[in-house]
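One structure below.
In what follows, every chain begins at residue 1, and chains take the letters A, B, ... in the order their sequences are listed. All values below were derived from every heavy atom in this structure, side-chain atoms included, with hydrogens, water molecules and symmetry-related copies excluded.
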2 protein chains.
Amino acid sequence: MSEAASLELGRFLPYRLSVTAECISRVFAESYERRFGLTIPEWRVMAVLGEGAPRPTQAVIEATEMDRVKVSRAVTRLVDKGLVTRRTAPEDQRSQILALSRKGFGLYGQIVPLAHALQAELTAGLGAEELALLDRVLESLHAKAREIGSRS
Amino acid sequence: MSEAASLELGRFLPYRLSVTAECISRVFAESYERRFGLTIPEWRVMAVLGEGAPRPTQAVIEATEMDRVKVSRAVTRLVDKGLVTRRTAPEDQRSQILALSRKGFGLYGQIVPLAHALQAELTAGLGAEELALLDRVLESLHAKAREIGSRS
DNA sequence: GCCAACCGGTTTCTTGTGAAACCATCGGCG
DNA sequence: CGCCGATGGTTTCACAAGAAACCGGTTGGC
């Protein structure tokens with residue numbers, strides 16, 4: 001098969017996915033930065049805490065799929081900015097409970113509409129069924145990648 | 001609308017896309033590194049040059065969607081490893097013509113089957129029509145992102 | 001022809017990242 | 001109890017990434 005002999009980068013899925021994701025991230029990052037002075041890791045932490053309930057750091061790590069170093073640094077910056085509060089968990093002195101401060105919730109309330117608007121703009125031109133399928137496909141790819149990664 | 005008040009990170013497209021792409025990149029990067037000692041930027045350069053014809057650096061920059069610094073560094077490493085040749089273009093002394101060396105083609109021939117195999121494994125469980133749709137959707141998202149990014 | 005703006009590519013510098021080392025605390029087992 | 005391995009989180013270190021400065025080389029206008 002000629003497929004085996006060469007590879008067109010532009011049709012190679014990991015490449016396409018990576019380039020697209022990076023491009024989108026750049027656009028969003030620029031917006032968050034310009035309007036709110038937040039990086040993407042910071043925004044992700046806020047997004048999780050914005051759901052309402054305070055959470056231990058560990059839960060934030062899982063929910064954001066970022067490693068603990070990244071989360072630790074993002075949280076430190078958010079605390080410095082007064083957007084997040086950090087208190088040690090009473091039942092385990094090592095663990096910390098994170099929550100948005102009043103100011104944090106205020107900012108969160110401003111970001112969410114922007115995020116939704118950007119996402120809407122990005123997906124304009126795509127039908128609901130296409131987006132639903134995209135969701136499933138991403139889920140499948142992610143699961144497969146995890147699986148391949150974990151067994152090597 | 002309650003949509004405007006909160007945002008579930010796990011259903012937020014840029015997040016999903018970014019996490020999935022990163023996870024896949026990690027898996028591929030590990031394979032390339034382990035078996036061939038290549039980083040992803042290096043692999044991308046080789047993939048483009050593997051198409052056959054020698055190309056100026058500028059063309060590689062465009063085809064890989066990486067910035068010139070990244071390409072410059074990747075090429076330097078590839079030349080050091082003897083996988084790529086670099087000669088100054090006769091018609092413009094500033095520009096360089098890049099090509100795979102014999103050894104480079106040899107390695108390329110080994111990588112391509114692995115890349116195809118990994119991609120096949122990754123997309124196992126997805127139908128051809130789903131993959132075709134994914135392609136179109138990624139294309140659309142990428143185009144939109146470029147558009148949004150360029151006008152701000 | 002010559003100077004200035006431009007362009008291809010590299011180097012420098014600052015910053016973000018993740019691995020590994022680290023510190024404090026916790027839980028289990030002798 | 002009291003040690004010892006495991007766990008939550010931070011810090012250190014080495015390195016990749018991108019912005020901006022830089023260095024030839026080129027081109028266009030006078």
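In terms of the salt bridge (charged side-chain N to carboxylate O under 4.0 Å, His left out) criterion, residue partners of A:Arg136 (sequence neighbours excluded) are, by chain and number, B:Glu130.
Side-chain N or O atoms of A:Ser150 include one that pairs as donor or acceptor with a backbone N or O of A:Glu147 at under 3.5 Å. Remark: the backbone N or O of A:Gly82 is paired with a side-chain donor or acceptor of A:Ser101 at under 3.5 angstrom. No donor-acceptor distance shorter than 3.5 angstrom exists from the side chain of A:Ser72 to the backbone of A:Arg68, with no hydrogens or angles considered.
Residues A:Leu118 and B:Ile148 meet the side-chain proximity criterion, which asks for heavy atoms closer than 4.5 Å. Contact annotation: the side chain of B:Leu141 approaches that of A:Leu122 to within less than 4.5 Å [non-hydrogen atoms, C-beta and beyond]. Within the 4.5 Å cutoff, no side-chain heavy atoms of A:Leu131 are placed close to those of A:Asp135. Residues A:Glu139 and B:Arg16 form a side-chain contact, since some pair of their non-hydrogen atoms from C-beta on lies under 4.5 Å apart.
The outermost nucleotides of DNA chain C lying under 4.0 Å from heavy atoms of chain A, listed 5' to 3', are C:dT17 to C:dC26.
In this structure, CG on B:Leu17 lies 7.5 Å from OG on A:Ser25, to the nearest 0.5 angstrom.
For DNA chain D, the residues of residues 65-74 of chain A within the heavy-atom distance limit of 4.0 Å (strictly under) are A:Arg68, A:Val69, A:Ser72, A:Arg73, sorted by number. Of the residues in residues 76-94 of chain B, B:Arg86, B:Arg94 come within less than 4.0 Å of DNA chain C through at least one heavy atom, sorted by number. Within residues 36-63 of chain A, no residue has a heavy atom under 4.0 Å from DNA chain C.
Between B:Trp43 and B:Tyr108, the ring planes lie parallel to each other; the angle is under 30°, not in the 30° to 60° tilted range.
Within the structure, the side-chain hydrogen bond (donor to acceptor under 3.5 Å, both in side chains) test picks out the following pairs touching residues 76-86 of chain A (sequence neighbours left out): A:Glu42-A:Arg77, A:Glu42-A:Lys81.
Between A:Arg146 and A:Glu65, at least one side-chain N (NZ, or NE/NH1/NH2) sits under 4.0 Å from a carboxylate O, which counts as a salt bridge.
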